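In what follows, a structure is listed as structure tokens, so that the remarks can point back to it.
Counting starts at 1 for both ligands and their atoms, in listed order. Bear in mind that the values here come from a model prediction, so they are computed numbers and not experimental data. The chain is numbered in sequence order, starting from 1.
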Amino acid sequence: MAINSSTHDLVRAVTRCRICGGADLIPFLDLGKMPLVNRYLTEDTPYADEPRFPLEILFCRSCCLSQLSLVLNPEVLYGQYSYFSSVSATFREHCNRMARGLRDTLDLGQNDLVMEIASNDGCLLSQFKALDLPVLGIEPAGNIAQLANDAGLRTLNRFWNGETAKEAVRLAGQPRLIVATNVLAHVDDLHGFLEAVASTLRPDGFFAFEVPYMVHFMNRSEFDTTYHEHLSYFLLRPLVQALSANGLSIVDVQEFEIHGGTIRVLSRLSTHASPPRTANVDRLLRWEEELGLYDSASYLRFAAHVSRIKEELTTFLSALKGRKKKVAAYGASAKGNVLLNYCGLGRDIVDYVVDDTPEKQGKFYPGNRLPVVNRDHLRKSPPDYLLLLAWNFVDELVHKTGEFRAQGGRYIVPIPSLRVM
Ligand code: JHZ
Ligand code: ZN
């Protein structure tokens, strides 16, 4: 879908909390007007086709859910998508462990269907399939669903909702496990989404999902993970409330380092007699409270900290340019573009962004219009410094750029705070 009429891109302004319905929403982080950071441009994309929208987070004082102040049209954001989960070896490994872990914990067998919501290119689903479990993917991006189907992973090209759920059951039967990684934050109608999950699961079924954890967003200054796709920023407390409102009970929660700090929540139907939730659940809830994250004052301090990060990074990069140093970036992540646009960093500072995703190469970052190129550029036009925009994959990126490093190249890691290596 073309993006040229900004009124049709905007669905609504948020005036009530998407979980509790409360209207006591406190704005705490305003990143200004931001383009759609996952909508890569071609050289001749007119500026008029590059709309910008306010990017601001609100904190709900009733249920503690942080959420964007506006909602954009999901068809515009996800009809075609340029993020392919399988590009990162670190994430592929994470998916491999997740599939084996859930298979073992839930004792999944050949009659237990695994359904994945927003299955992307099948990075996780292929791991379940490799364990001989029947699988079905649901993925709204046409280009990505096609790719998964071509790879032999049966995938419905749909957004997840009650209708899709019925269609999925007609096609493949009721799932014993529904998985969803990095998608709950993208969903406006969270209750509709969870209700459809609860009505689809087998009575002995489980719903396991992963979301970036708001504790780390705050503690590690991950403000650049704020973009128009990420409608919600989750603590465990509002998640427990949303699950329970839709007939689901939390069983366990685990923490992982992936994507800057993620929680995996395991839940099941509240009607199904189950053992009490693990101690992890209460430990994290206590932690959130001790950190002051149920109190809006903590959030108001955060914005000042974000301004300092901007100040430090831009001062450092300007000084490098003053010394005629060449700077490039690695990892054309969505968050990387938020960082660049928020800090006002453009082609005068950063020459290009390397990314291994073929669909991003040859395109341009929205906003600053930095060219996205393949890894060969590091050799053809080597920079002195490489800004790691996918700071969540630092080890993998450093590992991949051995030649750059061997020739004296240095890395700049911007988050949680400026680090040069
Ligand atoms: P990455 C993603 O956001 C996607 P993004 C999504 N919006 C979400 O919710 C969050 O994660 C949690 C590239 N790369 O994952 C691939 C290489 O080129 O940090 C990506 O373009 N080579 C659904 O986009 C980018 O970097 C590599 O070796 O903010 C990473 O993007 C590796 C490791 C990555 O986040
Ligand atoms: Zn709320």
Quick one: does [X] get within less than 4.0 Å of ligand 1, heavy atoms only?
X: Trp391; result: no
X: Thr90; result: no
X: Tyr81; result: yes
X: His186; result: yes

Taking 4.0 angstrom as the limit and counting only heavy atoms of [X], give me the atoms of ligand 1 inside it, by number and element.
X: Gly331; result: 26 (O)
X: Glu229; result: 7 (N)
X: Glu396; result: 28 (O), 33 (C)
X: Thr357; result: 16 (C), 21 (O)
X: Ala332; result: 21 (O)
X: Asn182; result: 9 (O), 12 (C)
X: Leu397; result: 22 (N), 27 (C), 28 (O), 32 (C)

What protein heavy atom lies closest to [atom]? Include the residue and the distance to one decimal.
atom: atom 11 (O) of ligand 1; result: His259 CE1, 3.4 Å
atom: atom 22 (N) of ligand 1; result: Asp356 OD2, 2.6 Å
atom: atom 8 (C) of ligand 1; result: His230 NE2, 3.5 Å
atom: atom 15 (O) of ligand 1; result: Tyr83 OH, 2.5 Å
atom: atom 14 (N) of ligand 1; result: Val87 CG1, 4.0 Å

Can you check side-chain contact (heavy atoms from CB on, under 4.5 Å) on Leu153 and Ser126, steps first, answer last?
CA-CA 7 Å; Leu153 295 160; Ser126 61; 4.0 Å; yes
Do [X] and [Y] come close enough that some side-chain heavy atom pair is under 4.5 Å?
X: Ile412; Y: Phe316; value: yes
X: Pro382; Y: Arg379; value: no
X: Tyr78; Y: Ile144; value: no

Using modelled atom types only, decide if a donor and an acceptor are shared between the side chain of Asp24 and the backbone of Ser62 within a distance under 3.5 Å.
no
Would the distance check show the side chain of Ser298 and the main-chain N or O of Gly292 forming a donor-acceptor pair, the cut-off being under 3.5 Å?
yes
Salt-bridge contact [X]-[Y] (side-chain N to carboxylate O under 4.0 Å):
X: Arg369; Y: Glu50; value: yes
X: Asp252; Y: Arg264; value: no
X: Glu257; Y: Arg97; value: no
X: Asp356; Y: Lys400; value: yes
X: Glu312; Y: Arg308; value: no
X: Glu255; Y: Arg283; value: yes
X: Arg18; Y: Asp188; value: yes
X: Asp355; Y: Arg375; value: no

For [atom], which of [options] has the closest heavy atom?
atom: atom 29 (O) of ligand 1; options: Glu210, Lys335, Lys400, Lys360; answer: Lys335
atom: atom 6 (C) of ligand 1; options: Phe393, Tyr227, Tyr330, Phe84; answer: Tyr227
atom: atom 24 (O) of ligand 1; options: Ser85, Ala118, Ala390, Ala334; answer: Ala334

Pick one: which of Tyr299, Phe302, Phe234, Phe223 meets ring pair (Phe, Tyr, Trp, His ring centres under 6.0 Å) with Phe217?
Phe302
Using a 3.5 Å cut-off on N or O atoms only, is [X] in polar contact with ligand 1?
X: Ser333; result: no
X: Asp355; result: yes
X: Ser88; result: no

To the nearest 0.5 Å, how far apart are CG in Leu370 and CZ in Arg347?
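One finds 7.0 Å between CG of Leu370 and CZ of Arg347.
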Quick test of your reading: applying side chain to side chain donor-acceptor pair (under 3.5 Å), list the pairs with at least one residue in residues 151-162, sequence neighbours left out, ordered by first then second residue.
Asn161-Thr164
Taking only protein atoms, how many N, O or S atoms are found under 2.8 Å from the Zn ion (ligand 2)?
4
